[in-house]
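Residue numbers start from 1 in every chain, and the chains themselves are labelled A, B, ... in the order their sequence lines are given, proteins ahead of strands. Because only heavy atoms are used, hydrogens play no part in the values below, and waters and symmetry mates are left out as well, while side chains stay in.
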Amino acid sequence: MAEAINNEAARHTSLEATSFYKAQCRVALRNCGVIDPESIDEYIAMDGYAALGKALTEMTPEQVIQEVIDSGLRGRGGGGFPTGKKWSFTAANKADQKYVVCNADEGDPGAFMDRSVLEGDPHCIIEAMELCGYATGATEGYVYVRAEYPIAVKRLTKAIEDAKAYGLLGKDIFGTGFNFDLHIRLGAGAFVCGEETALMTSIEGNRGEPRPRPPYPAVKGLFAKPTTENNVETFANVPQIILRGASFFNSMGTERSKGTKVFALGGKINNTGLVEVPMGTTLRQIVEDVGGGVPNGKKFKAAQTGGPSGGCIPASMIDIEIDYDNLVSQGAMMGSGGLIVMDEDTCMVDIAKFFLNFTVDESCGKCTPCRVGTRRLYEILEKITSGNGTLEDLDRMEELCKYIKDNSLCGLGQTAPNPVLSTYTRFKDEYIAHVVEKRCPAGVCKALMRITIDPDKCRGCTACARVCPVGAISGTVKQPHEIDQTKCIKCGACMEKCRFGAISKK
Amino acid sequence: MKSLAELAEIKARTIDSVIMPSGSGRMRVVVGMATCGIAAGASPVLDELVKDVKEAGISDRVMVSQTGCIGVCQYEPVVEVHEADKEKVTYVKMTAEKAREVFEKHIQGGEVIYDYTINAANA
Ligand SMILES: Cc1cc2nc3c(=O)[nH]c(=O)nc-3n(C[C@H](O)[C@H](O)[C@H](O)COP(=O)(O)O)c2cc1C
Ligand code: SF4
Ligand code: SF4
């Protein structure tokens with residue numbers, strides 16, 4: 001952030017004056033960092049519960065749904081399904097009991113926007129779930145939060161108590177006869193529990209495994225009743241849409257992706273943090289302006305969106321306008337909003353292996369294509385990064401990816417090969433280099449790395465030989481030293497020690 | 001709650017403590033207390049400011065509050081000073097000691113400690 005900020009006109013003192021902030025636009029995060037999340041009065045001061053009041057006293061449930069449809073809001077939990085449409089499906093089903101579920105499982109490694117909303121503005125989720133309940137005819141809601149988020153749970157628990165004490169949750173709200181009750185359920189942090197059907201199975205008290213769809217939750221969801229399930233950030237936009245109207249929201253964004261998106265910016269970037277930008281902001285704006293660029297003068301190589309289900313956008317596509325459809329057309333996806341920036345020192349095969357390792361661990365094991373398939377895929381990647389891969393392995397890898405995608409039961413398995421396919425499509429030359437030349441162009445894969453001493457630069461000071469933990473360096477004083485490649489463990493200690501820059505890795 | 005009037009009444013009595021009214025000379029000091037802030041050490045910073053304001057007996061003019069994630073992870077703990085009619089001041093990488101200094105020089109003395117602001121950070 002240093003550079004970005006120093007470029008600003010002299011002596012501003014606020015966060016808003018930094019380029020990190022300037023391109024941002026806060027809707028879902030509007031109260032985060034502003035109000036005291038444990039004060040219901042402060043939430044109300046910022047027009048909290050006014051949208052609920054407006055809906056209950058002035059609007060029919062159909063009008064609420066229409067407003068959400070017109071706003072163009074799409075699900076922020078990954079898939080981007082139109083929220084208003086989802087609500088209308090549940091509303092259309094008659095039942096003695098319906099439910100609203102908020103997905104706060106947030107399993108994507110590196111993502112933390114949902115946690116931030118719950119910790120910084122818990123009442124807005126309560127208000128939004130009530131709006132959804134009113135619109136769809138549900139009177140009970142569940143928030144499914146991962147147990148690793150104790151502060152979010154604490155603040156949400158207090159918010160629910162305070163809302164009940166004010167009569168903003170419970171029976172006959174605003175004297176309109178509308179009732180709504182809200183519960184919290186803790187998830188044990190399995191990634192698959194973020195998948196909507198597994199999440200509901202888990203709330204019901206069973207082992208969190210996905211179930212086949214159809215039936216969809218709108219027909220047969222929680223406790224076999226019609227259920228609307230949305231992500232935290234999706235809900236966080238709803239009160240503003242109802243209060244300020246659909247046009248407030250759909251005036252931001254692109255043709256088919258309206259509003260804003262929160263990203264957790266991380267990786268090789270100067271300004272890490274939580275950013276909310278209008279849909280359609282270019283990757284370049286996010287990386288260069290908001291993110292302040294890549295540190296240490298390194299080159300931007302690619303950005304990974306969508307975490308373990310997503311893909312990468314290469315530097316050549318840096319001017320892409322980020323929205324649901326553009327990302328999908330590039331073989332990536334919005335996902336929940338993790339955005340990991342990678343520089344020239346990142347090995348794309350290694351990245352694919354990292355995400356696959358995650359899915360192998362998180363596969364629930366219910367179906368074979370995912371349980372066994374992802375493991376076999378991981379083994380192929382391991383073979384490639386250890387220098388034992390063949391061109392046939394690359395073909396088998398592609399075939400296996402397709403098989404896993406087509407045959408897995410739930411989204412976890414269906415999307416698990418994405419990081420592999422996307423890096424393979426975009427950076428085929430890197431895979432080929434590993435396989436054919438037995439070389440890792442980024443110098444990451446240890447098995448393919450060679451640490452060598454340049455005899456012209458080496459002065460024979462013996463510093464490297466003394467620091468090598470495995471005695472791989474031989475040579476006499478004032479004579480060029482040499483590394484025994486069969487002993488070297490590529491720890492890099494000698495490189496750091498050499499004062500003449502004679503040792504390098506390739 | 002039985003009516004919108006009740007809601008409006010709560011808003012009316014609270015709004016001035018969230019958005020400082022012009023000419024009031026009041027201050028609102030917030031400390032980022034989301035998981036990220038707390039992990040970086042925001043709790044002692046908040047405690048210090050609460051204690052200082054209480055001891056000085058100026059709670060009617062200065063309100064200290066926790067808040068959620070401000071968004072700038074690597075600069076936590078973050079303290080922001082909102083004052084009526086002035087640009088907000090964002091202090092970063094705070095400690096209890098720095099907070100004490102901000103209290104004395106800025107909150108009481110009215111002088112911004114530029115070196116601790118986000119705009120001076122990592123210069
Ligand atoms: C393996 C897997 C994990 C998921 N994890 C999450 C999650 O952590 N949070 C979330 O909101 N949605 C997650 N989803 C997406 C949900 O199934 C669901 O589509 C989403 O919560 C719907 O809400 P939305 O329409 O508001 O986006 C996950 C899906 C899959 C397949
Ligand atoms: S695809 Fe994977 S996570 Fe999903 S049901 Fe099958 S084994 Fe479980
Ligand atoms: S990289 Fe480590 S193991 Fe290899 S020669 Fe240098 S010090 Fe020895």
Exercise. Considering only NZ, NE, NH1 and NH2 on the basic side and carboxylate oxygens on the acidic side, decide whether A:Asp41 and B:Lys11 come within less than 4.0 Å.
Key: no

Within the structure provided, determine whether [X] and [Y] are in side-chain contact (heavy-atom separation under 4.5 Å).
X: B:Leu4; Y: A:Thr57; result: yes
X: A:Phe112; Y: B:Cys36; result: no
X: B:Ile118; Y: A:Thr18; result: yes

Closest heavy-atom contact between [X] and [Y]?
X: B:Gly68; Y: A:Pro37; answer: N-CD, 4.1 Å
X: B:Val18; Y: A:Met46; answer: CG1-SD, 3.7 Å
X: B:Ile38; Y: A:Arg155; answer: CD1-NH2, 4.3 Å
X: A:Gly33; Y: B:Val30; answer: O-CG2, 4.3 Å
X: A:Ile35; Y: B:Thr67; answer: O-OG1, 2.6 Å
X: A:Ala17; Y: B:Asn119; answer: CB-ND2, 4.2 Å

Quick check for you: to the nearest 0.5 Å, what is the distance between [X] atom [atom1] and [Y] atom [atom2]?
X: A:Glu42; Y: B:Ile19; atom1: CD; atom2: CD1; result: 10.5 Å
X: A:Asp36; Y: B:Ser17; atom1: CG; atom2: OG; result: 10.0 Å
X: A:Tyr49; Y: B:Ile10; atom1: OH; atom2: CD1; result: 10.5 Å
X: A:Ser14; Y: B:His82; atom1: OG; atom2: NE2; result: 10.0 Å

Practice problem: Please test A:Glu119 against B:Thr35 for side-chain hydrogen bond (donor to acceptor under 3.5 Å, both in side chains), starting from the C-alpha separation and ending with a verdict. | Solution: CA-CA 8 Å; A:Glu119 289 180 350; B:Thr35 293; 2.4 Å; yes

Quiz item: Given that the side chain runs from C-beta out, which part of A:Asp172 has a heavy atom under 4.5 Å from chain B: side chain, backbone, both or neither?
Solution: both

Quiz item: Measuring heavy-atom distances to chain B, does A:Glu16 have an atom under 4.5 Å in its side chain, in its backbone, in both, or in neither?
Solution: side chain

Practice problem: Begin from the C-alpha positions of B:Ile70 and A:Leu15 and carry the test side chain to side chain contact (heavy atoms under 4.5 Å, CB included) through to its verdict. | Solution: CA-CA 9 Å; B:Ile70 295 169; A:Leu15 172 62; 3.4 Å; yes

Practice problem: Would you sort out whether B:Leu7 and A:Tyr166 count as a side chain to side chain contact (heavy atoms under 4.5 Å, CB included), showing the intermediate values? | Solution: CA-CA 10 Å; B:Leu7 199 65; A:Tyr166 269 4; over 6 Å; no

Quiz prompt | Contact leader toward chain A among B:Ala12, B:Gly32, B:Ala34, B:Ala8, where contacts are heavy-atom pairs under 4.5 Å | solution = B:Ala34

Quiz item: Has the side chain of B:Arg28 got a donor or acceptor atom that lies under 3.5 Å from a matching backbone atom of A:Val34?
Solution: yes

Quiz prompt | Donor-acceptor contact present, side-chain B:Glu87 to main-chain A:Thr13, <3.5 Å | solution = yes

Practice problem: Answer with side chain, backbone, both or neither: which region of B:Glu76 has an atom nearer than 4.5 Å to a non-hydrogen atom of chain A? | Solution: neither

Quiz item: Is it the side chain or the backbone of B:Val89 that comes within 4.5 Å of chain A heavy atoms, both, or neither?
Solution: both

Quiz item: What residue in A:Thr176, A:Asn31, A:Val117, A:Asp47 has the most heavy-atom pairs under 4.5 Å with chain B?
Solution: A:Asp47

Quiz item: How far apart are the C-alpha atoms of B:Met33 and A:Glu38, what are their side-chain angles, what is the distance that settles it, and do they pass the side chain to side chain contact (heavy atoms under 4.5 Å, CB included) test?
Solution: CA-CA 11 Å; B:Met33 286 280 287; A:Glu38 294 188 28; over 6 Å; no

Self-check item: Over 12 foreign heavy atoms within 6.0 Å of NZ, B:Lys86
Solution: no

